[in-house]
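Below, each value reflects all heavy atoms present in this structure, side chains not excepted, and no hydrogens, waters or symmetry copies.
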Amino acid sequence: MPTEGVGAPVEPVTGPADPASEPVGAVAAPADPGAARVEAWAAPAGSGAAPAGAVGGPADFSGAPVDRPAVPVGLRVVSGGSVPVPGSVPGSAPGGPTAVPADSGGEYGGPGAVTPVPGAVFARGWRMSLLAVVLVCSVVAAVRVGTTGIGWADLARVLGTRLGLDVEPLPPLLDSLVWDLRLPRVLTAALVGASLAVCGTVLQAVTRNALADPYLLGVSSGASAGAVTVVVLGVGASTLGVTGGALLGALLAFALLLALLRRTGPDSVRIVLTGVVVGQLLAAVTSLTLMAAADADTTRAVTHWLLGSMAPARWNTVVLCALVVPPGLAAAWCCANALDGLAFGADTAASLGIGVARTRTFLLVVTAALTAVAVATVGAVGFVGLIVPHGVRFLVGPLHRALLPCSALAGAVFLVWTDALARIAFAPREMPVGVITALIGVPLFLLVLRRRGEL
């Protein structure tokens with residue numbers, strides 16, 4: 001297999017019909033005319049080098065001389081179509097890969113291995129800007145939605161009063177409705193939606209599981225157990241309150257998860273299995289507490305909270321979310337390149353220079369903190385962290401540097417409008433927002449799977 005050095009394309013190799021005899025890195029010509037044309041790249045033995053855009057590759061890039069010929073270290077998109085990356089290969093393990101679209105930047109690899117195409121960068125930036133504009137418009141419009149009509153002029157007068165402008169104030173009741181109830185509620189929905197969507201995106205890459213969502217770690221079950229303990233048993237009711245009890249329960253659940261993973265390390269499979277165990281244990285504790293000590297009214301109130309509701313949101317809730325969510329989103333975005341590598345598995349990520357165990361632990365801490373705050377403030381709102389990342393990935397591609405901010409914006413928009421729908425769908429009765437997200441999320445998820453050819 002002759003090469004001319006790093007980045008030299010491997011010459012086509014002909015051999016027996018037995019697939020087992022195919023050399024490592026052999027690339028078949030695509031049968032589909034619209035598919036990408038790819039090249040296999042090779043590096044000389046012991047060079048320790050991998051060309052930009054390498055996808056996958058040997059686990060050993062230490063540079064130590066070995067007695068073997070040069071082997072291919074990856075694939076590079078040469079023209080058109082897409083090349084499979086973790087998530088799109090039929091029959092592959094759940095969660096990896098999607099295809100790298102032709103507008104995703106041309107070359108795809110691990111940290112630092114993406115060579116952006118100016119047109120693709122502009123396209124992603126344009127989509128991100130559009131989502132930001134849609135979010136701002138959604139927040140303003142959703143404040144007006146409810147059983148009591150609020151006009152644009154009324155909204156402007158409320159904001160003008162708070163800014164100290166010379167405008168005629170609204171009657172105190174309407175002013176309080178807009179400023180003390182609806183605006184904090186809409187802002188909380190935006191912050192919680194953004195955090196849940198980003199948590200789902202991160203966990204789907206870390207665990208390589210397409211069904212991963214923010215509640216995979218058992219944090220939501222811990223928050224539910226903490227809230228039920230405060231409401232039903234009255235433990236810490238005077239000092240913690242429901243939000244404090246839920247937050248403490250979520251953190252204790254995550255601490256239990258880390259303790260169980262201490263010996264084996266944060267392997268993707270063990271994260272999923274241990275999270276399921278912790279979640280089921282604490283869900284059983286919650287049910288046992290409700291059945292043993294709660295009356296009918298308390299059970300109804302707790303059940304409503306567990307399904308997720310923005311009704312309790314006030315300005316202190318907005319402040320709590322604003323202190324945790326933006327730093328958490330920034331921390332996740334700083335690991336975007338590492339997430340690209342982890343999407344291919346631990347061996348590939350390690351070969352690209354990523355500290356797999358350290359990065360996974362850090363990202364688990366970030367997602368646990370974001371999920372704990374979200375569940376403690378509004379309850380367990382399902383499907384946001386599952387459906388939004390898949391939908392956004394379909395639009396902007398799998399690269400996390402664009403996927404994470406777009407998921408945050410899309411998740412915020414999605415939860416703002418589902419909460420608005422929950423307020424008016426059965427007015428004057430209010431539905432838990434988790435019910436609405438499930439009713440909308442299931443068909444949307446099926447649609448995304450169908451468009452990706454997985455259903």
Side-chain angles (χ1 to χ4, degrees), residues 135 139 184-204 212-228 240-254 257 275 278-279 282 286 304-332 363-389 404 407-419 422 432-438 441:
L135 175 59
V139 168
R185 178 174 184 153
V186 172
L187 292 177
T188 300
L191 289 169
V192 170
S195 66
L196 292 178
V198 167
C199 287
T201 304
V202 169
L203 288 175
Q204 286 169 13
D213 71 351
Y215 308 133
L216 178 70
L217 305 179
V219 172
S220 63
S221 299
S224 302
V228 168
L240 293 176
V242 176
T243 301
L247 185 59
L248 180 61
L251 296 179
L252 290 176
F254 182 65
L257 176 76
V278 172
L282 295 175
T286 302
H304 191 277
W305 182 86
L306 292 177
L307 290 173
S309 175
M310 303 293 165
R314 298 294 183 269
W315 282 111
N316 60 341
T317 308
V318 177
V319 171
L320 175 62
C321 291
L323 289 175
V324 177
V325 173
L329 301 186
L363 290 171
L364 290 179
V365 171
V366 170
T367 54
L370 291 173
T371 305
V373 170
V375 177
T377 52
V378 302
V381 181
F383 265 93
V384 179
L386 178 62
I387 179 63
V388 171
L404 287 171
S407 294
L409 294 170
V413 171
F414 179 71
L415 196 55
V416 163
W417 282 114
T418 50
D419 177 57
V433 69
V435 175
I436 304 298
T437 57

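Residues Phe383 and Asp213 fail the side-chain proximity criterion, which asks for heavy atoms closer than 4.5 Å. Contact of the Val375 side chain with the Val219 side chain is not registered, since no non-hydrogen atoms from C-beta on lie closer than 4.5 Å. Taking 4.5 Å as the limit, every side-chain heavy atom of Val384 sits out of range of all side-chain heavy atoms of Val192.
A pairwise comparison of heavy atoms in Pro389 and Ala197 identifies CG-O, 3.6 Å as the closest pair. Scanning all heavy atoms of the two residues, the minimum distance from Val366 to Ala331 falls at CG2-CB, 4.1 Å. The heavy-atom pair separating Pro327 from Ala322 by the smallest distance is CD-O, 4.2 Å. Nearest heavy atoms, Ala412 versus Leu135: CB-CD1, 3.6 Å. Between Gly275 and Leu257 the shortest heavy-atom distance is N-CD1, 3.6 Å. Ala408 approaches Leu329 most closely through the heavy-atom pair CB-CD1, 4.3 Å.
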Working for side chain to side chain contact (heavy atoms under 4.5 Å, CB included), residues Leu320 and Val373
CA-CA 8 Å; Leu320 175 62; Val373 170; 4.2 Å; yes
Output, in order, the C-alpha distance, side-chain angles, deciding distance and verdict of side chain to side chain contact (heavy atoms under 4.5 Å, CB included) for Thr377 and Leu247.
CA-CA 8 Å; Thr377 52; Leu247 185 59; over 6 Å; no
Might you work through the side chain to side chain contact (heavy atoms under 4.5 Å, CB included) test for Val278 and Leu217, ending with a clear yes or no?
CA-CA 7 Å; Val278 172; Leu217 305 179; over 6 Å; no
What verdict does the side chain to side chain contact (heavy atoms under 4.5 Å, CB included) test give for Trp305 and Val378, after you've listed the backbone C-alpha separation in whole Å, the side-chain angles of each residue and the deciding distance to 0.1 Å?
CA-CA 7 Å; Trp305 182 86; Val378 302; over 6 Å; no
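How far OG1 of Thr437 is from CZ of Phe414: 6.0 Å, rounded to the nearest 0.5 Å. Residue Leu415 holds its CG atom at 10.0 Å from OG1 of Thr188, rounded to the nearest 0.5 Å. Summarising the geometry, atom SG belonging to Cys321 is positioned 9.5 Å from atom CG belonging to Asn316; distances are rounded to the nearest 0.5 Å. Here Leu282 contributes atom CG and Ser224 contributes atom OG; the two are 9.0 Å apart, rounded to the nearest 0.5 Å. To the nearest 0.5 Å, atoms OG1 (Thr317) and CG (Leu191) are separated by 10.5 Å. Taking CG of Leu216 as the start and SG of Cys199 as the end, the distance is 11.5 Å to the nearest 0.5 Å.
For the pair Tyr215 (side chain) and Thr371 (backbone), a donor-acceptor distance under 3.5 Å is absent.
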